[in-house]
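Worksheet: one structure, shown below.
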Amino acid sequence: MAKLAKLDDIVSLCKRRGFIFQSSEIYGGLASCYDYGPLGVELKRNVREAWWKSVVRMRDDVVGLDCSILMHPMVWKSSGHADKFADLVTVCKKCNTRTRVDHLADHAQEHTEHVPVETAMADAGDLSKKACPSCGSVGKFSESMAFKLMFETQMGANADDTMTLFLRPETAQGIFANFRNVLDSTRVKVPFGIAQIGKSFRNEVTTKAFIFRTREFEQAELEFFCTPGTDEQWYEHWKAARFQWYIDNGIKAENLRFRDHDPDELAHYAKACVDVEYKFPFGSGDWQELEGVANRTDYDLRQHQRGMRSINDWHENGCDLQKVTLKEEDPEYFKGPLSYFDEQEKKRYIPYVIEPSAGIDRSTLAFLVDAYDEEEVKGQTRNVLRFSPSLAPIKAAVFPLVKKDGMPEIAQKIAGDLKGCFSCFYDQKGAIGRRYRRQDEAGTPYCITVDGETIADNVVTIRERDSMEQEKINVDQVKNYLREKLDL
RNA sequence: GCGGGCGUAGCUCAGCGGUAGAGCGUCACGUUGCCAACGUGAAUGUCGUGAGUUCGAAUCUCAUCGCCCGCUCCA
């Protein structure tokens, strides 16, 4: 059905209809950055809203949070990002292939294992003896280059007195950093979750495929805290719940799948991880990750307890993160400041964490691509975005059949009334058929048309997007009709 | 970062050394009166950007920015 064979088609559609624009386009564009246009911003807000409703509002065991993007530098020391998100990379001069230095080490590191810069530097010294995994040439490597995966910025207006901070590379750490605050302020009891939606930043080595991998991106993350031993069942619970969410919001089941991470693919702290993947019509493998659900065990909270014990070290070292070494873990770590006391079991422990982490931008793209359809109607091509009503940027459009005889006034009144409930669009220009088709291309589920008889009988026509079928109803029933059909 | 391809109107593209073009879309007026209708008219371009070659550059050369594909990488 869908004719979006290439990424270019999607980019074109997004621009033409005002969903997504290249950032700073009038200045030649800024790599990897994109802006959401009038329809795009509504769509993206609806995606966020649908996630929040499903993960937070419809549940009794999840609360929300909105952390600052800038956090104490020690957060990233504890999380490991400060050390481990600085990979060393070298280029083979013979074949121009880029390779991570730690992959050339004598004892090959695991796939997702990042190594501290110092260790990598030490290994980098003897690159002259290493063979290129691509072409086999020995000692042809360039000087190794460090890739800073975190964006840096300065805090403090006085140039002589600033502190280097990082833009968060994930929202999750802000949740862990607030674990104690939420426990102390909300009467939550394990098992419970803390959810957050917000921007994150990563200097990806390569960006890719439109808004699919960008350096500034939006995440929707849940950290679900549970009793050790129950983590596997919660993992299954969230895996299923998150998959279903995409289905419920309109993704076709055949375009969605799970991909379990192999044991040797897992990050060292993760006990299990699965990706929810969507079959995008671009890229080499087609299937691309929308979301990861991971069992992070008690790793993060334990790391932050170590960080809390190391804060003096940070001050004593002139606030230089590079000079700080995290203190060893207290043998009684399970009684530490980020532990939880279970009243039922009369036991203190560090909860395990299940983390569903979704990409809002790539999900938005998936919803857009999946909704796109072209069909033949009386020899003409009709373009339709078959959005789920929950995501449609515009829920209803109101038209006077013609721009006279009092019809515009009635239509405007109806539109004004509906705007209080949901996003609604009024249009009185041009032929009615054209107005219908324009709304089809924006994905508007319903159009309401006021005709010449409405003045007399108070009846309007409601036209449904997918079937193009029309139904006559009383003006007074429009709002309830839409509420019911849109499930709002 | 490497290799390949591509940047001309909002979109799709033609033009490839000599006045900036088409289709679609957009806007206005008229007509019509429930599915991209018709008529008339109109607006819109730093030809990605900057240098160079030339009497003259959208066109040739170089640099640069951006996008796509591949490599590489990747919660």
Side-chain angles (χ1 to χ4, degrees), chain A residues 6-18 21-34 37 79-81 85 87 89-100 103 111-112 114 133-134 142 145 147 149 169-173 200 202-210 212-213 217 219 221 261 265-267 269-270 273 275 282-284 288-289 291-294 296 355-359 377-383 399-405 407 429-441 447 449-452 460-463 465 468-470 472:
Chain A
K6 301 194 305 283
L7 185 58
D8 285 336
D9 299 335
I10 300 168
V11 175
S12 170
L13 170 80
C14 286
K15 181 169 186 188
R16 191 172 67 244
R17 298 298 310 180
F21 307 126
Q22 169 95 65
S23 167
S24 314
E25 196 181 14
I26 61 169
Y27 290 108
L30 180 63
S32 166
C33 294
Y34 293 90
S79 72
H81 292 84
F85 261 25
D87 300 321
V89 175
T90 186
V91 176
C92 173
K93 291 170 186 165
K94 186 81 174 277
C95 66
N96 277 323
T97 308
R98 186 193 288 188
T99 310
R100 257 168 58 178
H103 287 178
H111 180 69
T112 51
H114 299 258
S134 176
S142 69
M145 308 167 279
F147 276 87
L149 293 195
E170 63 177 29
T171 65
Q173 296 304 324
S200 293
R202 286 181 207 168
N203 269 317
E204 300 287 355
V205 175
T206 321
T207 57
K208 192 184 168 188
F210 199 35
F212 185 81
R213 180 178 298 127
F217 59 103
Q219 293 182 299
E221 295 194 295
H261 285 214
E265 189 185 355
L266 291 173
Y269 52 78
C273 187
D275 289 342
F282 59 77
S284 49
Q288 306 278 347
E289 172 188 2
E291 168 160 0
V293 180
R296 294 179 72 119
E355 179 197 75
S357 175
V377 178
K378 293 178 187 167
Q380 297 273 359
T381 302
R382 184 172 83 114
N383 294 335
F399 311 136
L401 184 57
V402 289
K403 195 175 53 177
K404 61 185 181 189
D405 300 338
M407 291 179 233
K429 289 175 200 149
I432 190 71
R434 180 179 295 262
R435 281 180 276 166
Y436 283 147
R437 297 302 174 86
R438 262 201 285 250
Q439 292 307 311
D440 289 341
E441 230 185 343
C447 294
T449 302
V450 171
D451 60 36
V460 293
T461 304
I462 292 201
R463 180 259 196 189
R465 177 193 66 202
M468 295 189 286
E469 278 170 12
Q470 307 193 24
K472 292 235 170 196

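A, B, ... follow the sequence lines: proteins, then strands. Residue 1 opens every chain. Both backbone and side-chain heavy atoms feed into the values below; hydrogens, waters and symmetry mates do not.
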Please state how far atom [atom1] in [X] lies from atom [atom2] in [N], giving the value in whole angstrom units.
X      : N      : atom1 : atom2 : result
A:L30  : B:rU64 : CG    : P     : 18 Å
A:I26  : B:rG45 : CD1   : C1'   : 15 Å
A:L13  : B:rU12 : CG    : P     : 11 Å
A:N203 : B:rC73 : CG    : C1'   : 13 Å
A:F21  : B:rC67 : CZ    : P     : 16 Å
A:K15  : B:rC67 : NZ    : C1'   : 11 Å
A:I10  : B:rC69 : CD1   : C1'   : 14 Å
A:D8   : B:rU12 : CG    : C1'   : 12 Å

Any base atoms under 4.0 Å from [X], or only sugar-phosphate, or nothing? Heavy atoms, all strands.
X      : result
A:T381 : base
A:G359 : base
A:I432 : sugar-phosphate
A:S23  : nothing
A:A358 : base
A:K472 : nothing
A:Q219 : base

Validation row: [X], [Y] side chains within 4.5 angstrom (heavy atoms):
X      : Y      : result
A:R463 : A:Q439 : no
A:F217 : A:R202 : yes
A:C14  : A:F210 : yes

Separation of the [atom1] atoms in [N] and [M], to the nearest angstrom:
N      : M      : atom1 : result
B:rC67 : B:rU8  : P     : 15 Å
B:rU49 : B:rC69 : P     : 24 Å
B:rU12 : B:rC6  : C1'   : 14 Å
B:rU46 : B:rG7  : C1'   : 14 Å
B:rU32 : B:rG18 : C1'   : 48 Å
B:rA22 : B:rG15 : C1'   : 11 Å
B:rU61 : B:rA37 : P     : 44 Å
B:rC27 : B:rU44 : C1'   : 11 Å

Mind checking who [N] pairs with, Watson-Crick or G-U wobble, both distances under 3.5 Å?
N      : result
B:rA20 : none
B:rA14 : none
B:rC71 : B:rG1
B:rC62 : B:rG50
B:rA28 : B:rU40
B:rC34 : none

Closer than 4.0 Å, any side-chain N/O of [X] to the OP1 or OP2 of [N]?
X      : N      : result
A:Q470 : B:rC35 : no
A:S12  : B:rU12 : yes
A:R434 : B:rU26 : yes

Look at the side chain of [X] and decide which nucleotide, out of [options], has an atom nearest to it.
X      : options                : value
A:A31  : B:rC67, B:rC34, B:rA37 : B:rC67
A:F210 : B:rC68, B:rA36, B:rC34 : B:rC68
A:K403 : B:rC29, B:rC34, B:rA75 : B:rC29

With nearest nucleotide decided by heavy atoms, which residue, A:M468 or A:Y27, maps closer to the 5′ end of RNA chain B?
A:M468

Contact nearer the 5' end of RNA chain B, comparing A:T461 with A:Y34
A:T461

Could you check whether the side chain of A:D440 and the base of B:rC35 have a donor-acceptor pair of N or O atoms closer than 3.5 Å, going by distance alone?
no

Counting only distance, no hydrogens or angles, is the base of B:rC34 paired donor-acceptor with the side chain of A:R463 under 3.5 Å?
no

Which atoms form the tightest heavy-atom contact between A:Q22 and A:L30, and what is the distance?
NE2-O, 3.2 Å

Interatomic spacing from CZ in A:R438 to CZ in A:F399 - rounded to 0.5 Å
8.0 Å

Under a 3.5 Å cutoff, is there a donor and acceptor pairing between the side chains of A:Q219 and A:S200?
yes

Does A:R296 pair with A:E221 as a salt bridge, N-O distance under 4.0 Å?
no

Evaluate side-chain contact (heavy atoms from CB on, under 4.5 Å) for A:R437 paired with A:V377, printing each intermediate quantity in order.
CA-CA 11 Å; A:R437 297 302 174 86; A:V377 178; 3.7 Å; yes

